[in-house]
Amino acid sequence: MARVIAMLNQKGGVGKTTSAVNLAAAFAAHGHRTCLIDLDPQAHMTLHVGLDGDSIDCTVYDLLVDPQRSIEDAIVKVDERLDAIVAETDLAAAETELADQSGRQDILARKFVAIADQYDVVMIDCPPSLGLLTLNALAMADEVFVPMQAHFLALQGVGKLLETVGLVCQSVNPELEVTGVVLCMHEKQTNLAREVVDDLDTFFTESRESNVPWRHCRVLQPPIRRNIKLAEAPSFGQTIFQYDPTCRGAEDYTALAEDVIARWQHGPESQSPPATVDAATEAPVDVDSEPTEISGAS
Ligand code: ADP
Ligand code: MG
């Protein structure tokens with residue numbers, strides 16, 4: 001039975017797509033049969049793995065609006081042990097087309113059952129909104145990962161997101177849990193980043209005893225450092241492991257996958273070391289770590 005992870009943050013440009021693609025690729029490289037699902041009408045995940053949704057016969061859109069289409073028809077091979085179900089630009093229309101249909105929030109979850117045994121991990125890239133597409137992702141997910149940047153106000157957005165997941169738990173998916181925060185484009189040496197990470201750690205530690213869906217959540221290790229290669233890889237339609245398997249981005253996503261796998265093996269109690277690492281332990285800055293100003297593509 002596959003573990004289904006939804007990469008969720010209603011804010012755009014935080015690293016959802018980058019993390020979905022490269023973490024999935026890291027799982028595949030680790031021997032896990034992995035499937036990526038693009039639920040964002042912007043189809044960035046689809047492009048990132050070198051596919052064009054508009055020229056693929058069966059996409060997420062078809063699965064949502066056409067009861068006759070089966071999920072097996074939508075699977076496209078990307079790499080060894082890595083498959084994808086892609087998005088096309090029409091996907092935006094699905095929200096309105098399905099507006100009156102009953103059971104519209106778990107169409108994908110019901111179709112997914114047919115292939116659940118074919119995979120170890122399924123990674124869903126969510127759109128930057130909390131509408132019907134995201135609801136379909138959350139209805140089929142076991143876990144939510146929240147990619148974010150350690151910025152001022154980032155915590156407020158996370159609060160809203162957790163509230164939404166809480167509501168989804170009550171209505172469509174009581175088993176859903178928020179299990180990890182992925183720190184993206186991270187700059188550990190800043191005080192602000194350190195404070196935000198400390199606040200997150202404190203918040204999640206205080207939630208341990210309560211019955212909220214994020215009681216097992218923690219800041220996943222390591223943070224993903226800002227790395228220009230991660231921003232370049234999508235325009236070549238390649239995962240970071242295809243584009244530059246030795247860069248820091250590839251290193252970070254490999255280590256992150258190992259952290260996640262360790263927790264799956266040893267249970268949620270297996271804690272990684274505290275997220276705040278002393279600046280002195282930072283690797284020396286190399287050419288591809290130069291901070292770049294990248295505005296959210298969405
Ligand atoms: P989202 O899916 O949340 O909108 P993306 O994954 O598309 O966010 O990331 C937003 C932008 O930041 C993209 O241009 C992406 O290439 C870039 N980016 C993401 N993570 C990193 C990183 N660790 N270092 C450098 N650039 C990054
Ligand atoms: Mg995206």
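Atoms within each ligand, like the ligands themselves, are counted from 1 in listed order.
Using a 30° and 60° split on the angle between ring planes, Trp264 and Phe27 fall in the parallel class, below 30°. Using a 30° and 60° split on the angle between ring planes, Phe203 and Trp214 fall in the parallel class, below 30°.
When each atom of ligand 1 is checked for a heavy atom of Val14 under 4.0 Å away, the hits are 1 (P), 3 (O), 8 (O). Residue-ligand proximity, Ala231 to ligand 1, at heavy-atom distances under 4.0 Å covers atoms 16 (O), 26 (N). Residue Ile224 has at least one heavy-atom neighbour below 4.0 Å for each of these atoms of ligand 1: 23 (N).
Taking all atoms of both residues into account, the shortest heavy-atom contact from Cys126 to Thr134 is CB-OG1, 4.3 Å.
For the ligand labelled ligand 1, residue His44 lies outside the 4.0 Å heavy-atom shell. For the pair Gly12 and ligand 1, a heavy-atom separation below 4.0 Å is found.
Residue Lys16 has at least one nitrogen or oxygen atom sitting less than 3.5 Å from a nitrogen or oxygen atom of ligand 1, judged on distance alone. Between Pro234 and ligand 1, no pair of N/O atoms sits closer than 3.5 Å. For ligand 1, the polar-atom distance check finds an N/O of Gly13 within less than 3.5 Å of one of the ligand's N/O atoms.
At a cut-off of 2.8 Å, Thr17 coordinates the Mg ion (ligand 2) through an N, O or S atom.
Within the 4.0 Å heavy-atom criterion, neither part of Cys184 lies near ligand 1. The part of Arg225 lying near ligand 1 is the backbone, judged by heavy-atom distances below 4.0 Å.
The heavy atom nearest to atom 25 (C) of ligand 1, considering only Leu230, Val21, Asn227, Ile240, is found in Asn227. Closest heavy-atom approach to atom 9 (O) of ligand 1 within the set Asn9, Asp40, Thr18, Thr17: this belongs to Thr18. Distances from atom 12 (O) of ligand 1 to the heavy atoms of Met185, His48, Gln42 show the closest one on Met185.
Leu220 has its side chain out of reach of Val181: every pair of non-hydrogen atoms, C-beta onward, lies at least 4.5 Å apart.
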Point to revise | Tyr119/Asp83 under side-chain hydrogen bond (donor to acceptor under 3.5 Å, both in side chains): CA gap, chis, key distance, verdict | key: CA-CA 9 Å; Tyr119 296 102; Asp83 290 347; 2.6 Å; yes
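In this structure, Arg215 contributes its side chain and Val212 its backbone to a donor-acceptor pair below 3.5 Å. Checking side-chain atoms of Asn9 against main-chain N and O of Pro147 turns up a donor-acceptor pair under 3.5 Å.
Ion pairing between Asp259 and Arg218 holds under the 4.0 Å rule for side-chain N and carboxylate O. A salt bridge links Asp57 with Arg69; the closest basic N to acidic carboxylate O contact falls under 4.0 Å.
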